[in-house]
Amino acid sequence: MSSIEKVESMRTSALSRIAQTGLALARMHDPPAIASLAAEAILQLCGAQRVAFFYEIAYAAQPRYLLLALSQPGRGTVVRRLSAEEEASWPRLPGSEPLLSPDISYDPSFAAGNSHTRLPQDVLPLRSCIAIPLLDVEGRRAGGIVCGHSDPNVFADLAKELASTIAAQASVAMENIRLRHELTQRANHYEQARQALRESSDRLGELAAIVSSSNDAIISKDLNGIITSWNEAATRILGYAAHEIIGQPVLRLIPEHLHSDEAVILRKIRSGERVDHFETVRRTKKGELIDVSLTISPVRNEQGAIVGASKIMRDISASKRAERSLLQAEKIASAGRMAATIAHEINNPLEAVVNLLYLLRSSVQDADGAAYLKTAETELARVSHIARQTLGFYREYSSARPTSLAELVRHTISVYEPRCSAAGISITSSLHTSRQVVVRRGEIMQVVSNLLSNSIHAMPNGGSLTIDVHDVANGVVLSIRDTGCGVAQHDLPRVFEAFFTTRTSIGTGIGLFVSKQFIEGHGGSITIDSTQDELLHGTTVTVFLPETTPYDERSDEPLEP
């Protein structure tokens with residue numbers, strides 16, 4: 001197995017472990033279990049000798065306490081509460097960013113007696129160290145993670161990123177427990193208030209004030225699913241005024257594909273069951289879908305018979321978006337760091353191949369061979385360009401210049417023609433444009449190469465490839481059509497996501513993601529239309545570049561011939 005394949009295998013394994021751990025943490029409702037799983041996952045992902053996970057539990061019925069999970073290879077994980085005396089000797093991790101020290105023996109941030117960064121005795125002695133503060137939703141330090149090894153220089157930046165990802169997932173899981181507890185407490189409060197109302201009509205005004213001022217939507221319905229009450233928070237969250245929605249079926253708020261859930265809820269209510277912290281989706285007056293958490297309780301009359309249900313609804317759309325953004329950012333950051341490492345490693349062999357081609361130039365006498373050699377040198381220069389760009393040695397603004405898209409596509413076709421011929425793929429091109437647009441040539445060539453490569457992979461048994469470049473009123477359009485296997489309709493919305501691929505063996509899932517970033521950076525757009533129909537299977541990718549791009553003002557280069 002090559003070094004690149006090993007890195008890819010390690011990356012895939014790490015991402016898989018992180019995804020599995022995140023799903024498991026999201027389902028847990030027990031703080032000790034969360035602490036234990038997070039510590040064990042970090043131990044295995046980072047190759048540490050000791051991992052200490054500590055978190056302040058301040059939302060349960062009992063007084064606050066500090067929870068500790070200590071994980072070591074071969075000795076399992078110990079989870080316990082710390083006494084007040086033990087807490088006094090536990091660490092304070094400053095700031096909100098993870099710390100990575102190759103050797104704390106020489107790191108002033110971890111010096112003995114340092115009042116800002118103090119490590120727990122349970123993980124000492126150690127030299128290599130990763131220290132990660134854990135923050136709650138209000139930005140308060142609620143705990144931390146210490147990942148250590150007795151040897152120096154054990155942990156790389158990747159280990160810190162992996163540990164930070166697990167830490168973020170564990171923090172979200174701990175915060176979800178607190179939110180569930182608050183929702184339960186609030187639901188109990190409302191339930192007690194309703195019971196008090198039955199006992200004394202004098203408290204009716206007080207209960208009405210609580211319901212009216214609540215930040216959560218409080219909605220009542222009868223056993224037929226007809227809405228009977230609606231508070232101000234429900235209007236703010238869902239958009240309907242009380243007079244618009246009272247008397248209407250609750251199905252009006254539920255997306256069509258979730259209507260079956262309402263029958264299940266009503267059946268549970270009729271049997272006297274509660275529905276706690278049910279996460280689902282609801283539709284607003286404007287037609288927007290929002291993520292919500294529901295707690296639903298039966299409503300009884302004075303005789304104790306169930307006559308309806310009371311629903312407490314919390315809008316959790318913001319937290320869901322934050323979770324998705326965090327996961328996406330973590331995936332992209334990890335992949336970027338790995339890509340930079342790989343790019344750095346290929347620079348030396350690239351330089352050697354360029355030198356060999358230079359020496360070979362004097363030995364090539366025929367015109368065709370010289371042309372192939374020149375094309376090879378051009379493509380190697382482009383690979384070197386991509387590597388430097390990945391490493392961040394320079395920004396490409398200076399290379400944006402007026403370029404003929406037709407000429408750029410013609411050059412790229414010449415590179416892929418031998419490969420297409422060997423694969424039994426015919427190429428038909430129509431490059432009827434002379435318009436030039438100011439672009440980063442390397443980026444647009446990478447986009448065209450990605451699209452042609454995708455089409456070739458989609459036609460392993462041969463086929464036809466049609467490439468068209470033409471002018472439109474305000475720009476230039478590139479269209480690439482193939483007769484390949486096509487993309488399933490349920491996969492089409494995800495083709496531009498980072499790491500999404502339908503090629504299980506060789507696909508990385510970043511080609512179309514990067515292409516979309518490059519095209520949109522030029523003010524353009526890229527779309528995909530595909531079908532797997534037995535007779536009309538194939539894919540069409542359409543790229544639009546505007547006549548005036550964001551790089552026009554940066555260009556001082558002469559027009560290309």
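In this chain, residues are counted from 1 in sequence order.
Here CG of Leu545 is found 9.5 Å from CD1 of Ile526. Values are rounded to the nearest 0.5 Å. For the atom pair Gln169 CD and Leu25 CG, the distance stands at 6.0 Å (nearest 0.5 Å). Note that CG of Asp276 and OG of Ser297 are 7.0 Å apart. Values are rounded to the nearest 0.5 Å. Note that CG of Leu238 is 12.5 Å distant from NZ of Lys286, once rounded to the nearest 0.5 Å. To the nearest 0.5 angstrom, Leu289 atom CG is 10.5 Å from Arg282 atom CZ. Residue Met313 holds its CE atom at 11.0 Å from CZ of Phe278, rounded to the nearest 0.5 Å.
Taking all atoms of both residues into account, the shortest heavy-atom contact from Val299 to Ser310 is CG2-N, 3.5 Å. For Phe513 against Phe496, the heavy-atom pair with the smallest separation is CD1-O, 3.5 Å. In terms of heavy atoms, Cys147 sits closest to Ile42 at SG-CG2, 4.1 Å. A pairwise comparison of heavy atoms in Ala309 and Ile296 identifies CB-CG2, 4.0 Å as the closest pair. Residue Ala24 comes nearest to Leu37 through the heavy atom pair CB-CD2, 3.6 Å, listed as atom of the first residue, atom of the second, then distance. Here the closest non-hydrogen pair linking Ala170 and Phe53 is CB-CE1, 3.8 Å.
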Show the numbers, then the answer: is there a side chain to side chain contact (heavy atoms under 4.5 Å, CB included) between Thr280 and Leu294?
CA-CA 8 Å; Thr280 185; Leu294 301 177; 3.8 Å; yes

Show, in sequence, the C-alpha distance, side-chain angles and deciding distance for Ser515 and Asn450, and conclude whether the side chain to side chain donor-acceptor pair (under 3.5 Å) test is met.
CA-CA 8 Å; Ser515 297; Asn450 279 336; 3.3 Å; yes

Kindly determine whether Gln532 and Val487 satisfy side chain to side chain contact (heavy atoms under 4.5 Å, CB included), including the steps that lead there.
CA-CA 6 Å; Gln532 293 184 320; Val487 181; 5.7 Å; no

Output, in order, the C-alpha distance, side-chain angles, deciding distance and verdict of side chain to side chain contact (heavy atoms under 4.5 Å, CB included) for Val543 and Val477.
CA-CA 6 Å; Val543 174; Val477 170; over 6 Å; no

What's the verdict on side chain to side chain contact (heavy atoms under 4.5 Å, CB included) for Lys268 and Ile265, showing C-alpha distance, side-chain angles and the deciding distance?
CA-CA 5 Å; Lys268 289 186 175 182; Ile265 291 172; 5.9 Å; no

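Using modelled atom types, one side-chain atom of Trp230 and one backbone atom of Tyr240 make a donor-acceptor pair closer than 3.5 Å. Side chain of Ser455 to backbone of Leu451: a donor-acceptor contact under 3.5 angstrom is found. One N or O on the side chain of His537 and one on the backbone of Thr483 form a donor-acceptor pair closer than 3.5 Å. Listed for the Asp533 side chain is a donor-acceptor partner under 3.5 Å among the backbone atoms of Leu535. Between the side chain of Thr21 and the backbone N or O of Arg17 there is at least one donor-acceptor pair closer than 3.5 Å. Between the side chain of Thr235 and the main chain of Gly239, no donor-acceptor pair closer than 3.5 Å is present. Of the possible polar contacts, none joining the His522 side chain to the Thr548 backbone as a donor-acceptor pair under 3.5 Å is found. Without hydrogens or angle criteria, Gln489 side chain to Ser530 main chain gives a donor-acceptor distance under 3.5 Å.
Between Ser317 and Asp315, the side chains place a donor N or O and an acceptor N or O closer than 3.5 Å (distance only, hydrogens not considered). Checking Thr540 against Asp529 by side-chain atom types alone, no donor-acceptor pair falls below 3.5 Å.
Every residue meeting the side chain to side chain contact (heavy atoms under 4.5 Å, CB included) condition with Thr77, not counting sequence neighbours, appears here in chain and number order: Ser36, Glu40, Ala69, Ser71, Val79.
Looking at Ser220 and Ile227, their side chains never come closer than 4.5 Å, going by heavy atoms from C-beta outward. Using a 4.5 Å heavy-atom threshold, the side chains of Leu66 and Tyr55 count as separate. With a 4.5 Å cut-off on side-chain heavy atoms, Val476 and Phe544 do not count as touching. Between Val447 and Lys516, every side-chain heavy-atom pair lies at or beyond the 4.5 Å cut-off. Side-chain contact between Leu223 and Ile306: present, with at least one pair of heavy atoms (C-beta onward) separated by less than 4.5 Å. Proximity of Val292 to Ile290: side-chain heavy atoms (C-beta onward) are separated by under 4.5 Å at one or more points. Between Ile519 and Ile444 there is a side-chain heavy-atom pair separated by less than 4.5 Å. Ile34 places none of its side-chain heavy atoms less than 4.5 Å from the side chain of Asp30.
Under 4.0 Å is where a charged nitrogen must lie from a carboxylate oxygen, and between Glu232 and Arg236 no such pair does. Glu262 has a carboxylate O that lies under 4.0 Å from a charged side-chain N of Lys221, or vice versa, which qualifies the two as a salt bridge.
When the options Thr542, Asn454, Val495 are evaluated for a side-chain contact (heavy atoms from CB on, under 4.5 Å) with Ile528, the one that passes is Val495.
The stretch residues 473-494 participates, sequence neighbours left out, in these salt bridge (Lys or Arg N to Asp or Glu O under 4.0 Å) pairs: Arg494-Glu497.
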Exercise answer: donor-acceptor pairs, residues 241-256 side-chain atoms, under 3.5 Å, sequence neighbours excluded:
{"from": "Glu244", "atom 1": "OE1", "to": "Ala241", "atom 2": "N", "distance (Å)": "2.8"}
{"from": "Glu244", "atom 1": "OE1", "to": "Lys285", "atom 2": "NZ", "distance (Å)": "3.3"}
{"from": "Glu244", "atom 1": "OE2", "to": "Lys285", "atom 2": "NZ", "distance (Å)": "2.8"}
{"from": "Gln248", "atom 1": "OE1", "to": "Arg252", "atom 2": "NH1", "distance (Å)": "3.3"}
{"from": "Glu256", "atom 1": "OE1", "to": "Arg283", "atom 2": "NH2", "distance (Å)": "3.1"}

